*Asks:* 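Sharing a structure with you now.
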Amino acid sequence: MSNINVDVLIIGAGPSGCVAASYLHNNGLKIKVVEKNNFPRFVIGESLLPRCMDHFEEVGLLDCLKKKGFEVKAGARFLRGEEVCNFDFSKKHTEGWNWTWQVPRADFDKTLTDELLNRGVDIAFEEEVIDVDFSDDGSSVTSIKNKDGEIYKVGAKFIIDSSGYGRVLPRLLDLEKPSELLNQSSIFAHVKDVKRPEGWEGTRITFDVLDTRLWFWVIPFSNGVTSIGFVGPTEFMESFKGTSSEKLTEMLKLSAYYRERFEDVDFLFKPVEITNYSKSVKQLYGKGYVLTGNSAEFLDPVFSSGVTFATESALMAAKLITKSLHNESVDWEVEYSDYIKSGVNVFSTYVKEWYTGNLQTLFFHRPENPEIKKQICAVLAGYVWDESNPFVKNHHRLVRTVAHIIDMEKQKSE
């Protein structure tokens, strides 16, 4: 197989790689996308946030997605025993999209790649990056093995690593570092939702909080399938014995609200288990490369931030690379690393404070404070770069402070 040269090599054809590819292609750059898997393929990350709709729209990928009729996600519901907290994305602090989708990622991702292939974007499936050699100027030569076992080389001026859980460059360049988040694990599957209630109750994405660190997700799709999964402390998850199907079947009994709906359901595939899933890296970019989405940071899934960070970082990376290749100055530390980290830090605070119980205190406190709820709702919608929102600007202390005030008031009234 002959060697080729491109402006930008993109590793990974998920939402992150597709958003980057679409932007770069729209701006006339020569690109190649290599993807290890064949599509359609299963992957987790099925609950989107309104913020990512901005990205799909900007790069011209929104219309092809709208045609697929995915389940509309207009908010989210959190349960804790008899307590209920509903978030409506139309009632949020930050201007922006009021809805998004709940998607089977196999269909969603293939829709994106099909659209790009139709536009003439070079996407190679079942091809694996096995080595990368960077020159002093940042240009690179990447060795790629195709599905026939043949190895060829791609020369590129820049590489975008959108490989997600594959984390290609973090592995090859020794960029991995431990996450500061708690050791949490997950088990999940898809089911044919034969007992799905009619209307809103049947389609609402819900998080059933079973303990401070243990929760159950229910994500209904428009095709009658529902994604279900548990997240909890690694040691707790490992206390369940047997096959993954036996473990998940036993765990379903923990949800009083959903036990009957999913009793005796058949799993459409062997339940997947992921241990200690949160990941981090030493840096988000280097000379000639940039990491996007889960290749860089993978946070806890409790607030569904994965795809939004993937598309936010991909679009920003593509814009900065375009500027750089047009000989415009780019400050990667400020314009990319600091920017992306600021959003990651906001969501990291919310994840950490969820598991301390402080954020749960805010969610389930009654009576609700409408203004605080609107500000938190904007964060949950993915608008974590809007510093006009106090719960973004002061995220590191505001959640904790408000929870402390609520606890003090509660103690006084007892």
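This chain uses plain numbering: 1 for the first residue, then up along the sequence. Side-chain atoms are counted along with the backbone in the values below, which use heavy atoms only and exclude waters and symmetry mates. No experiment lies behind these values; they were computed from the predicted model shown.
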*Asks:* Less than 4.5 Å apart, any side-chain heavy atom of W332 and any of V290?
*Replies:*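 A side-chain contact exists here, since the closest heavy-atom pair is under 4.5 Å.
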*Asks:* Apply side chain to side chain donor-acceptor pair (under 3.5 Å) to residues E127 and Y152 and explain how you reach the verdict.
*Replies:* CA-CA 10 Å; E127 299 201 349; Y152 68 100; 2.3 Å; yes
*Asks:* Decide whether N37 and E35 meet the rule of one side-chain donor and one side-chain acceptor closer than 3.5 Å.
*Replies:*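 Distance-only check passes for N37 and E35.
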*Asks:* Is the gap between the ring centers of H93 and F391 under 6.0 Å?
*Replies:*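 Ring centroids of H93 and F391 are no less than 6.0 Å from each other.
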*Asks:* May I ask you to say whether R105 pairs ionically with E46, meaning some side-chain N is under 4.0 Å from a carboxylate O?
*Replies:*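 Not counted as a salt bridge, because no side-chain N and carboxylate O are separated by less than 4.0 Å.
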*Asks:* Within the structure provided, determine whether D109 and P15 are in side-chain contact (heavy-atom separation under 4.5 Å).
*Replies:*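 Contact flag for D109/P15 side chains = yes.
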*Asks:* Examine W215 together with F363 and report whether their ring centres are nearer than 6.0 Å.
*Replies:*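 No, too far apart.
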*Asks:* Identify whether NZ of Lys or CZ of Arg in K373 sits under 6.0 Å from the centre of the six-membered ring of F87 and within 45° of that ring's axis.
*Replies:*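 Checked: cation-pi criterion met.
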*Asks:* Can a donor-acceptor pair be found, under 3.5 Å and without considering hydrogens, that links the side chain of S227 to the backbone of I219?
*Replies:*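 No, because the side chain of S227 does not come within donor-acceptor range (under 3.5 Å) of the backbone of I219.
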*Asks:* Is a side-chain donor or acceptor of K270 paired with a backbone partner of S244 at a separation under 3.5 angstrom?
*Replies:*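 No; judged by distance alone, with no hydrogens or angles, the pair does not exist.
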*Asks:* If you count every heavy atom of other residues, nucleotides or ligands that lies below 6.0 Å from E235 atom CD, does the total exceed 12?
*Replies:*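 Above 12, so yes.
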*Asks:* Tell me the closest heavy-atom pair linking D122 and I31, and the distance in Å.
*Replies:*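 So the minimum-distance heavy-atom pair works out to CB-O, 3.9 Å.
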*Asks:* Quick one about T249 and E246 (side-chain donor to acceptor, distance below 3.5 Å, no hydrogens or angles considered), yes or no?
*Replies:*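 Checked: E246/T249 side chains show no N/O donor-acceptor pair below 3.5 Å.
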*Asks:* Check K67 with E115, please: is the shortest side-chain N to carboxylate O separation under 4.0 Å?
*Replies:*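 Judged by the 4.0 Å cut-off on N to carboxylate O distance, E115 and K67 do not form a salt bridge.
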*Asks:* Determine whether K92 and N98 satisfy the following criterion, side chain to side chain donor-acceptor pair (under 3.5 Å), listing intermediate values before the conclusion.
*Replies:* CA-CA 8 Å; K92 63 183 184 304; N98 293 333; 2.7 Å; yes
*Asks:* Where do S139 and K157 land on the side chain to side chain contact (heavy atoms under 4.5 Å, CB included) test, with the steps shown first?
*Replies:* CA-CA 4 Å; S139 62; K157 299 171 186 174; 5.6 Å; no
*Asks:* Can you tell if the side chain of N26 reaches within under 4.5 Å of the side chain of S22, non-hydrogen atoms only?
*Replies:*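 Yes. Closest side-chain heavy atoms under 4.5 Å.
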*Asks:* Would you say the side-chain atoms of K73 pair up with the backbone N or O of L48, donor to acceptor, closer than 3.5 Å?
*Replies:*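 Yes; at least one donor-acceptor contact below 3.5 Å.
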*Asks:* Would the distance check show the side chain of Q375 and the main-chain N or O of P390 forming a donor-acceptor pair, the cut-off being under 3.5 Å?
*Replies:*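 Judged by distance alone, no pair lies under 3.5 Å.
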*Asks:* Is the side chain of S313 donor-acceptor paired with the backbone N or O of G293 at a distance under 3.5 Å, no angle test?
*Replies:*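 Judged by distance alone, yes, a pair lies under 3.5 Å.
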*Asks:* Would you say K145 has more than 12 foreign heavy atoms packed within less than 6.0 Å of its NZ?
*Replies:*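 For K145, atom NZ is not crowded (no more than 12 foreign heavy atoms under 6.0 Å).
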*Asks:* If only side-chain N and O atoms count, and only distance matters, is there a donor-acceptor pair under 3.5 Å linking T206 with Y257?
*Replies:*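 Note: Y257 and T206 side chains miss the donor-acceptor criterion.
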*Asks:* Could you check, using the six-membered ring where one of them is a Trp, whether F309 and W385 have ring centers closer than 6.0 angstrom?
*Replies:*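 For F309 and W385, the ring centres are under 6.0 Å apart.
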*Asks:* How long is the span from the NZ atom in K341 to the CD atom in E333, to the nearest 0.5 Å?
*Replies:*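 Taking NZ in K341 and CD in E333, the distance rounds to 6.0 Å.
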*Asks:* When you measure from the side chain of N369 to the backbone of E371, do you find a donor-acceptor pair of N or O atoms at a distance under 3.5 Å?
*Replies:*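 Checked: pair present.
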*Asks:* Check whether any side-chain N or O of T311 sits under 3.5 Å from a backbone N or O of S16 as a donor-acceptor pair, and report yes or no.
*Replies:*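 No; judged by distance alone, with no hydrogens or angles, the pair does not exist.
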*Asks:* Is there side-chain contact between F207 and S304, with at least one heavy-atom pair below 4.5 Å?
*Replies:*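 SC-SC contact between F207 and S304 confirmed.
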*Asks:* Give me the atom names and distance for the closest heavy-atom approach of P104 to Q102.
*Replies:*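 Shortest heavy-atom contact: CD-O, 4.3 Å.
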*Asks:* May I ask you to check whether F56 and F108 place their ring centers less than 6.0 Å from one another?
*Replies:*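 Aromatic pair counts; centres sit under 6.0 Å.
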*Asks:* So which atom in V33 and which in A13 form the shortest heavy-atom distance, rounded to 0.1 Å?
*Replies:*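 It is CG1-CB, 4.0 Å.
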*Asks:* Is there side-chain contact between W354 and F78, with at least one heavy-atom pair below 4.5 Å?
*Replies:*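 W354 vs F78: side chains touch.
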*Asks:* Run L49 and V307 through side chain to side chain contact (heavy atoms under 4.5 Å, CB included) and show every step you take.
*Replies:* CA-CA 8 Å; L49 302 183; V307 172; over 6 Å; no
*Asks:* Taking the six-membered ring for Trp, are the ring centroids of H395 and Y350 within less than 6.0 Å of each other?
*Replies:*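 Here the rings of Y350 and H395 have centres that are no less than 6.0 Å from each other.
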*Asks:* Sub-3.5 Å donor-acceptor pair from the side chain of D161 to the main-chain atoms of L169, do we have one?
*Replies:*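 Yes: the side chain of D161 pairs with the backbone of L169.
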*Asks:* Would a line drawn from the ring center of Y285 to the ring center of Y336 be shorter than 6.0 Å?
*Replies:*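 They do not qualify: ring centres at least 6.0 Å apart.
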*Asks:* Examine distances only and state if a side-chain atom of R171 and a backbone atom of G166 form a donor-acceptor pair shorter than 3.5 Å.
*Replies:*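 Between the backbone of G166 and the side chain of R171 there is a qualifying donor-acceptor contact (under 3.5 Å).
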*Asks:* Count the heavy atoms of every other residue, nucleotide or ligand shown that sit under 6.0 Å from NZ of K319, and state whether that count exceeds 12.
*Replies:*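 Yes, the 6.0 Å shell around NZ holds more than 12 heavy atoms from other groups.
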*Asks:* Measure up the F262 and F216 rings against each other and bin them: parallel (under 30°), tilted (30 to 60°), perpendicular (over 60°).
*Replies:*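 If you compare the ring of F262 with that of F216, the planes turn out perpendicular.
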*Asks:* For atom NZ of K282, decide whether the heavy atoms of other residues, nucleotides or ligands shown that lie under 6.0 angstrom number more than 12.
*Replies:*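 Atom NZ in K282 is packed in, count exceeds 12.
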*Asks:* Would you call E201-R204 a salt bridge at under 4.0 Å N-O?
*Replies:*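 Salt bridge flag = no for R204 with E201.
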*Asks:* Taking all atoms of both residues into account, what is the closest heavy-atom pair of K393 and H396, and its distance?
*Replies:*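 In this case the closest contact between K393 and H396 is O-CE1, 3.9 Å.
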*Asks:* Out of N389, T308, D54, T94, which residue meets the side chain to side chain donor-acceptor pair (under 3.5 Å) rule with Y383?
*Replies:*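 Among N389, T308, D54, T94, the one meeting side chain to side chain donor-acceptor pair (under 3.5 Å) with Y383 is D54.
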*Asks:* Under 4.0 Å between a side-chain nitrogen and a carboxylate oxygen: does that hold for R261 and E263?
*Replies:*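 No salt bridge links R261 with E263.
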*Asks:* Is the W217 to F188 ring centre distance short of 6.0 Å?
*Replies:*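 Yes, the ring centres sit under 6.0 Å apart.
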*Asks:* For the residue pair A317 and T292, what are the closest heavy atoms and their distance?
*Replies:*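 Answer, listing the atom of A317 first, then T292: CB-CG2, 4.0 Å.
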*Asks:* Decide whether Y339 and E312 meet the rule of one side-chain donor and one side-chain acceptor closer than 3.5 Å.
*Replies:*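 Result is yes, a qualifying pair exists.
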*Asks:* Just by distance, with hydrogens left out, do S143 and K153 show a side-chain donor and acceptor under 3.5 Å apart?
*Replies:*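 Yes, a side-chain donor-acceptor pair sits under 3.5 Å.
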*Asks:* Grab the two heavy atoms, one from S185 and one from T275, that are nearest each other, plus how far apart they are.
*Replies:*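 Minimum heavy-atom contact is OG-CA, 3.1 Å.
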